[in-house]
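Working notes, structure below.
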Amino acid sequence: MRKPVVLITGAAGEIGHGLIHRLSGEGVHSIITLDLKPLDETLGAHVERQFTGSILDRNLLDRILSEYEVDMVFHLAAILSTRGEFTPLTAHEVNVEGTLNLLAFAQSQGESHGRPVRFLYPSSIAAYGLPDLGTKHRAGRVREHEWNQPITMYGCNKLYCEQLGRYYSRHYKQLAAGDLAGRVDFRAIRFPGLISAVTVPSGGTSDYAPEMIHSAARGEPYACFVRPDTRIPFMAMPDAVDALLRLARAPREALSRVVYNITAFNPSAEEVRRLVLEAFPGAGITFEPDLKRQAIVDSWPEDVDDSTAREDWGLAPVYDLESAFHDYLIPRIRERYHA
Ligand code: AKB
C-alpha cells in the first residue's frame with residue numbers, strides 16, 4: 001500500500017522552511033520533500049522522507065509516484081527573478097518544464113488514487129509589468145487581470161505556469177473519450193516580496209528589504225540596490241505560509257479564481273531603512289541603486305488588490321508594517337544573531 005502524503009518541492013528554500021514547521025506542528029499530514037539539496041538537520045527531522053534531486057528528473061518523480069499517494073503538492077522550487085536574468089534558458093527549464101513535470105505528476109497521482117490533487121503554486125508580483133513609474137503610481141492597487149506584461153524571464157514563467165495550471169484543472173485532454181480534467185485542483189497565489197526572520201533570500205529582486213534587516217542585525221554595512229522611494233508590496237513569512245494553507249484548505253466551490261493577489265504592507269525602501277535604524281541605530285545602510293535591478297522592481301506594482309482572496313478564502317495577514325518589525329522580525333532576528 002502507498003502512504004498518503006503531502007509533497008513539497010523546493011523545500012529547503014524560504015517558504016519551505018516556514019511551511020514544514022507549520023504543517024508538521026499541526027501533525028495532520030506526513031510530509032515528503034524534493035529539493036536539490038538536503039534539508040538542514042533540524043528541518044529534516046520534521047519530514048517523513050527527503051528526496052534529493054531535480055524536479056526535471058522524471059524518473060525520480062515516477063519513483064515518488066510508485067511509493068506514495070500524494071494528495072497535495074506545494075510546488076515551491078523555482079529560479080527567482082534576478083538569478084533568472086543571468087541564465088534565462090535554465091530559468092525557463094526549471095520554472096516551466098519543472099512545473100509541467102509536477103503538473104503531470106499530480107495528474108498521474110489523481111488518476112491513480114482517484115482523488116483530486118490540490119496543487120499549490122506560488123506565483124509572484126513579477127507576473128506584472130508596468131511600463132514606467134508614472135503608470136505604476138497611477139495604477140495603484142493592481143487587480144489580477146491587469147498589467148500582465150512581465151519583463152523578467154521569471155515573471156513570464158510564473159504567468160505562463162498559472163495558465164498551465166488552469167489548463168490542467170479545467171481542460172486537460174478535453175478531446176479524450178473519458179473526462180480527465182479536474183484531477184489536478186490548481187490554486188495559485190501571486191506573492192509579494194516576502195520577509196523572513198529565519199532565512200535570507202537569494203536570487204530575487206525584492207531581496208533588498210530582507211537583506212537590509214539581516215545585514216543590520218549582523219552588524220554589516222548594506223548598500224541598498226534600489227532608490228529610497230522604491231515601493232512594492234511585502235508580507236511577513238508567517239502570514240505567507242498561513243495564506244498558502246488557507247488557500248490549500250478552502251473548499252473548491254468557494255474559489256472564484258485560479259490565481260489570487262495577496263499583500264500585507266507596501267513600504268518604500270526608505271521606510272524599511274527607518275524601521276531598521278530604530279532597532280539597530282548604528283546600522284550603516286546606504287543607497288546605491290543598480291539601475292538594471294531597479295528597472296525590474298519599478299515594473300512591479302506598488303500595491304495589489306487582494307480583496308478576492310479575502311472574500312473567497314479568508315486571507316487575513318496578522319502583521320502590518322509596524323507589527324511585522326516590532327513583534328516578529330526584530331525580536332526573532334536579534335535572537336538569531338544574538339544582536
Ligand atoms: C523575486 O524577487 O524574484 C521574488 C518575487 C517577488 O517573486 N521574491
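First listed ligand is number 1; within each ligand, the first listed atom is number 1. Numbering starts at 1 and runs along the sequence shown. Predicted model only: the values in this text are computed from it and were never measured.
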Counting only heavy atoms not in Y337, do more than 12 sit closer than 6.0 Å to its OH atom?
yes
Partners meeting salt bridge (charged side-chain N to carboxylate O under 4.0 Å, His left out) with R49 (sequence neighbours left out):
E67
Partners meeting salt bridge (charged side-chain N to carboxylate O under 4.0 Å, His left out) with R336 (sequence neighbours left out)
none
Would you say E288's side chain and Y222's backbone share a donor-acceptor pair under 3.5 angstrom?
no
If you draw the axis of the six-membered ring of Y128, does the NZ or CZ of K136 fall within 45° of it and under 6.0 Å from the ring centre?
no
Linking Ile, Leu, Val, Met, Phe, Trp and Tyr by side-chain heavy atoms under 4.5 Å, what else ends up with L80?
Y154
Which pairs of nitrogen or oxygen atoms, taken one from ligand 1 and one from the protein, are under 3.5 angstrom apart?
from	atom 1	to	atom 2	distance (Å)
ligand 1	2 (O)	S81	OG	3.3
ligand 1	2 (O)	T205	N	2.6
ligand 1	2 (O)	S206	N	3.0
ligand 1	2 (O)	S206	OG	3.3
ligand 1	3 (O)	S81	N	3.1
ligand 1	3 (O)	S81	OG	2.5
ligand 1	7 (O)	S124	OG	2.6
ligand 1	7 (O)	Y154	OH	2.7
ligand 1	8 (N)	S206	OG	2.9

